Student: 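Here it is: the structure, laid out below.
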Amino acid sequence: MLFRSIEFAWAHATNGLFTGPSRTFAPRTRLGDFDTDAFEANGVFGFTRGKVVPYFTIGGGVHSMKLSLAGQSSSTETKFVGNLGVGVKFWITPRFGIRLEGRARSTYVGNGSSCHDHSYCDNTTNDSNWYTSGEATGGLSFAF
């Protein structure tokens, strides 16, 4: 396994919060929004050298989560986030390639007793609570 690089990343997601039936075209009521921003540093480790390079990545940073509910003041929390990912780079030329990746990130949002006022917490237990999300990305790679 070869250490390849350190990368800095920013990921943003906006999610609408709705209530009502989950059937297609059924009327639903918008309750608010849940916005997240993750700022991370990641180490990338490749398994081979050549035109096709499978790799894995591991990193951490901060995760800002903003909950906005209709008719209420919004709340924002910033917590540590850790992530793991796997991917593959296809080098078309020695300096240009295509990259495909899947990544999971997880943020500890507190124990059950301090997390009951947030809808993104799993309130079914009084054990630890994690907010976990995943992503699949594709992009271009340039080597200088």
Side-chain angles (χ1 to χ4, degrees), residues 1-48 51-92 95-144:
M1 185 169 0
L2 307 165
F3 175 75
R4 293 297 212 184
S5 63
I6 294 176
E7 299 178 339
F8 299 95
W10 164 63
H12 173 80
T14 298
N15 305 288
L17 302 174
F18 296 90
T19 186
S22 60
R23 298 182 316 266
T24 305
F25 304 115
R28 298 172 65 186
T29 303
R30 186 180 193 97
L31 300 175
D33 294 302
F34 181 58
D35 298 322
T36 65
D37 287 286
F39 301 91
E40 304 164 328
N42 304 302
V44 179
F45 301 86
F47 295 107
T48 63
K51 289 189 168 256
V52 178
V53 181
Y55 65 90
F56 86 93
T57 179
I58 185 170
V62 294
H63 200 176
S64 176
M65 298 168 284
K66 180 180 180 183
L67 180 62
S68 303
L69 297 175
Q72 297 183 15
S73 61
S74 62
S75 65
T76 303
E77 290 188 32
T78 301
K79 306 275 187 174
F80 173 79
V81 62
N83 70 69
L84 291 171
V86 295
V88 63
K89 286 184 184 179
F90 302 95
W91 290 102
I92 297 167
R95 302 226 178 256
F96 175 74
I98 297 172
R99 175 177 172 159
L100 303 173
E101 183 176 293
R103 182 182 307 264
R105 70 176 41 86
S106 194
T107 303
Y108 179 70
V109 293
N111 62 30
S113 61
S114 66
C115 196
H116 289 292
D117 60 338
H118 299 289
S119 65
Y120 53 83
C121 297
D122 174 14
N123 292 326
T124 59
T125 68
N126 283 329
D127 295 331
S128 63
N129 292 291
W130 293 83
Y131 172 73
T132 302
S133 62
E135 63 187 40
T137 59
L140 304 175
S141 293
F142 300 94
F144 297 99

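Not measured: the values here are computed from a predicted model.
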Student: Suppose we screen for side chain to side chain contact (heavy atoms under 4.5 Å, CB included). Which residues come up paired with Ile92, at least two apart in sequence or across chains?
Tutor: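 Partners of Ile92 under the side chain to side chain contact (heavy atoms under 4.5 Å, CB included) test: Phe96, Ile98.
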
Student: Could you tell me if the side chain of Phe34 sits less than 4.5 Å from the side chain of Ser68, heavy atoms only?
Tutor: no

Student: Shortest non-hydrogen contact from Phe18 to Arg30?
Tutor: CZ-NH1, 3.2 Å

Student: Donor-acceptor pair, distance only, cut-off 3.5 Å: does the side chain of His12 make one with the backbone of Thr36?
Tutor: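 Pair found, side chain donor or acceptor close to backbone of Thr36.
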
Student: Tell me, do Trp91 and Val53 make a side-chain contact under 4.5 Å, heavy atoms counted?
Tutor: yes

Student: Answer yes or no: is there a donor N or O on one side and an acceptor on the other, between the side chain of Thr57 and the main chain of Gly43, under 3.5 Å?
Tutor: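 Such a contact is found between Thr57 side chain and Gly43 backbone.
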
Student: To the closest 0.5 Å, what do you measure between OG1 (Thr19) and CG (Leu31)?
Tutor: 5.5 Å

Student: So, do Asp33 and Asn15 sit near enough that their side-chain heavy atoms are less than 4.5 Å apart?
Tutor: no

Student: Determine whether His63 and Thr78 make a side-chain contact, defined as any pair of heavy atoms from C-beta on separated by less than 4.5 Å.
Tutor: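 The answer is no, as the side chains (C-beta and beyond) never meet within the 4.5 Å cut-off.
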
Student: Mind checking the CZ-CZ spacing from Phe8 to Phe39? Nearest 0.5 Å is all I need.
Tutor: 13.5 Å

Student: Kindly write out the residues that satisfy ring-ring contact (aromatic ring centres under 6.0 Å, His included) with Phe3, not counting sequence neighbours, or none if the list is empty.
Tutor: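 By the ring-ring contact (aromatic ring centres under 6.0 Å, His included) rule, Phe3 matches Phe45.
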
Student: How about Asn42 and Arg103: do any of their side-chain heavy atoms sit closer than 4.5 Å?
Tutor: yes

Student: Show the numbers, then the answer: is there a side chain to side chain contact (heavy atoms under 4.5 Å, CB included) between Met65 and Thr76?
Tutor: CA-CA 6 Å; Met65 298 168 284; Thr76 303; over 6 Å; no

Student: Test side chain to side chain contact (heavy atoms under 4.5 Å, CB included) on Phe90 and Leu100 and set out the steps.
Tutor: CA-CA 9 Å; Phe90 302 95; Leu100 303 173; 4.0 Å; yes

Student: If every non-hydrogen atom of Val52 is compared with every non-hydrogen atom of Thr48, which pair is closest and at what distance?
Tutor: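 Distance-wise, the nearest heavy atoms are O-OG1, 3.3 Å.
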
Student: Test of understanding: with side chain to side chain donor-acceptor pair (under 3.5 Å), list the residues that count as partners of Asp35, not counting sequence neighbours.
Tutor: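 Asp35: side chain to side chain donor-acceptor pair (under 3.5 Å) contacts with Thr14.
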
Student: Which residues pass the ring-ring contact (aromatic ring centres under 6.0 Å, His included) test with Phe80, not counting sequence neighbours?
Tutor: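 Listed in chain order: nothing, the list is empty.
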
Student: Report yes if some heavy atom in the side chain of Lys79 is under 4.5 Å from a heavy atom in the side chain of Val62; otherwise report no.
Tutor: no

Student: With sequence neighbours left out, what residues match Ser133 under side chain to side chain contact (heavy atoms under 4.5 Å, CB included)?
Tutor: Arg105, Tyr131

Student: Can you name the side chain to side chain donor-acceptor pair (under 3.5 Å) partners of Ser106, sequence neighbours left out?
Tutor: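 Listed in chain order: Thr132.
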
Student: Leu17 versus Leu67: any side-chain heavy-atom pair under 4.5 Å?
Tutor: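 The answer is yes; the side chains approach within 4.5 Å.
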
Student: Applying side-chain contact (heavy atoms from CB on, under 4.5 Å) between Lys89 and each of Glu101, Arg99, Arg4, report the one that passes.
Tutor: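 Single pass found, and it is Arg99.
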
Student: More than 12 non-hydrogen atoms from neighbouring residues, nucleotides or ligands closer than 6.0 Å to CD1 on Ile6, yes or no?
Tutor: no

Student: Quick one: are Lys66 and Asp37 in side-chain contact, heavy atoms under 4.5 Å?
Tutor: no

